2 protein chains.
Amino acid sequence: MAAIDTASLFADVEPASSRRLLQAALDAFAARGYRATTTRDIARRAGLSPAGVYVHFGSKADLLGAISRVGHDTILRMSEQAIAQGEDPGDRLSRFVRTFAAWHAAHHGVARVIQYELRELTPAAFEEARERRRRFDEIVQAELRRGNETGVFAVADVAGTALAILSLCIDVARWYGTAPRRSPAAIGDLYADLVLRMVRSGGELDEDA
Amino acid sequence: MAAIDTASLFADVEPASSRRLLQAALDAFAARGYRATTTRDIARRAGLSPAGVYVHFGSKADLLGAISRVGHDTILRMSEQAIAQGEDPGDRLSRFVRTFAAWHAAHHGVARVIQYELRELTPAAFEEARERRRRFDEIVQAELRRGNETGVFAVADVAGTALAILSLCIDVARWYGTAPRRSPAAIGDLYADLVLRMVRSGGELDEDA
DNA sequence: GTCTATAACCAGATAGAC
DNA sequence: GTCTATCTGGTTATAGAC
């Protein structure tokens, strides 16, 4: 099972001031929201003067855009690696859900920013995010169709079920930290179990149940 | 099946200016977020001058608090009515999910405000919201336990599964309007089906599946 | 690259006339 | 209850010295 990446998202960003600014912006956006965060907050957290931000980034929105790009790329890459390790559709979907859900718990800070601040992105950055997000939908839909074909899944509404699966995992970022704490891995395991129950064959409900 | 309430949340608020301000604030908060909304936006949408807001409400936060109270009360009442109409745990949980999920689609504006602007509430309003929100958790957990007792459900992790069920439905408010449009009722039906698959007995997975 | 100082603007909220 | 006018303070971003 793939371990959850614990290194900072920005570990290889140079120079150090840019890296500290990205981390400071991420922390502030996650804690208080993009709009409620001031560039002074970010500068202070990064140990710079208010003007220091603009040496490294053109605007507050640029910082958000950079976080969005790195965040989306990271979870997309992790998801693709996780699913590639599975053999059959059940195994592959299960690995995807475990990784995707656990990431939203372990990295609920970044996750909150990339999932809930989309409307604050510039049009260009929004389009960039939208492209990557479509990939997640394609990944899950493809796996559901494959499972339907081999007969291990019985998913009547592939698009709706894929949306529900992603939605379930994404929302972890919202509640994580408020509900009684569970480890990201425990959430991943629980969710993989729940999702497999939702999709596999033999689970059709009677109409009058 | 209970029809989704389509009347305005604030239909019986008097005077008319207060009602218009609440609706204006709701529309603005839903569309652009609480922090990105100015009191001038709200006043203009309500057909008042910027100062007109403060005749009826003490602050922008008061408007949010009022929306949160009415929103939480509305969906809580609808949920309790829906579940009361069911006979057995499967039926009751199914009715709850249909109503709760469909409401988050049909009223994704209010839903977004009450689900994603919690941190903007005053401490008093936050506590009020938290009490009501605990009720949803109790409702679902109680039904899961009842189903376990009668043997129709086989839920190993009641707290975690209840959280997942609520989470799945709440997240409808986030994506509704971005994904290809489905009717709120269709979402309610799909989600009730998915949730029943998740919880009922006979659905346990092999460890090495 | 970093700082201090500041420009230019916009926010929430209030005063006081009508 | 509603308005116009305004107060007060905070916001993003820039200028220019070091």
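On a predicted model such as this, the values are computed, not experimentally measured, just so you know.
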Check your understanding: Is any NZ, NE, NH1 or NH2 atom of the basic residue among Asp193(B) and Arg197(B) found under 4.0 Å from an Asp or Glu carboxylate oxygen of the other?
Key -> yes

Review point. Within the modelled atom types, does a donor on one side and an acceptor on the other bring the side chain of Arg40(B) and the base of dG12(C) under 3.5 Å apart?
Key: yes

Revision key, fill the gap. Regarding the side chain of Pro15(A), the nearest nucleotide among dA15(D), dG1(C), dT4(D) is dG1(C)

Point to revise | Contact under 4.0 Å: Tyr54(A) side-chain N or O vs dT14(D) OP1/OP2 | key: no

Exercise for review: Give a yes-or-no answer on whether the side chains of Gln81(A) and Arg95(A) include a donor-acceptor pair shorter than 3.5 Å.
Suggested key: no

Check your understanding: Between atom CZ in Arg35(A) and atom C1' in dA11(C), what is the gap in whole Å?
Key -> 12 Å

Check your understanding: Below 4.0 angstrom, N of the basic side chain to O of the carboxylate: do Arg135(B) and Glu138(B) qualify?
Key -> yes

Point to revise | Shortest side-chain distance from Val55(B), nucleotide among dC3(D), dT2(D), dA5(C) | key: dT2(D)

Practice item. Rounded to the nearest angstrom, tell me the gap between atom CG in Leu21(A) and atom P in dG1(C). Key: 12 Å

**Study point:** Under 4.0 angstrom between Thr39(B) side-chain N/O and dG12(C) OP1 or OP2
**Key:** yes

Check your understanding: Is Thr38(A) touching bases, backbone alone, or none of the nucleic acid, heavy atoms closer than 4.0 Å?
Key -> sugar-phosphate

Practice item. Could you tell me whether Arg130(B) and Glu127(B) make a salt bridge, using a distance below 4.0 angstrom between a side-chain N and a carboxylate O? Key: yes

Revision key, fill the gap. As a check of understanding: the bend across the helix from dG1(C)-dC18(D) to dC18(C)-dG1(D), end axes from five pairs, rounded to 10 degrees, works out to 0°

Check your understanding: Is any NZ, NE, NH1 or NH2 atom of the basic residue among Glu143(A) and Arg146(A) found under 4.0 Å from an Asp or Glu carboxylate oxygen of the other?
Key -> yes

**Study point:** Arg134(B)/Glu131(B) salt bridge by N-O under 4.0 Å criterion
**Key:** no

Practice item. Send over the distance from Ile42(A) CD1 to dT2(C) P, rounded to a whole Å. Key: 16 Å

Exercise for review: Inspect the surroundings of CD in Glu87(B) and state if more than 12 heavy atoms from other residues, nucleotides or ligands are less than 6.0 Å away.
Suggested key: no

**Study point:** Nearest-Å distance for atom pair CZ/C1', residues Arg44(B) and dC10(C)
**Key:** 13 Å

Point to revise | Nearest-angstrom distance from the residue atom CG of Leu48(B) to C1' of dT2(D) | key: 8 Å

Review point. Any side-chain donor-acceptor pair under 3.5 Å between Ser94(B) and Asp91(B)?
Key: no

Check your understanding: So which of residues 56-65 of chain A are in contact with DNA chain D, with a heavy-atom cut-off of under 4.0 Å?
Key -> Ser59(A), Lys60(A)

Practice item. Identify whether any heavy atom of Ser18(B) sits under 4.0 Å from a base atom; if not, whether one sits that close to sugar-phosphate; answer base, sugar-phosphate or nothing. Key: nothing

Quick one: side chains of residues 46-57 of chain A, donor-acceptor pairs under 3.5 Å with protein atoms, not counting sequence neighbours, listed by atom name and distance.
from, atom 1, to, atom 2, distance (Å)
Ser49(A), OG, Gly52(A), N, 3.4
His56(A), ND1, Ser18(A), OG, 3.1

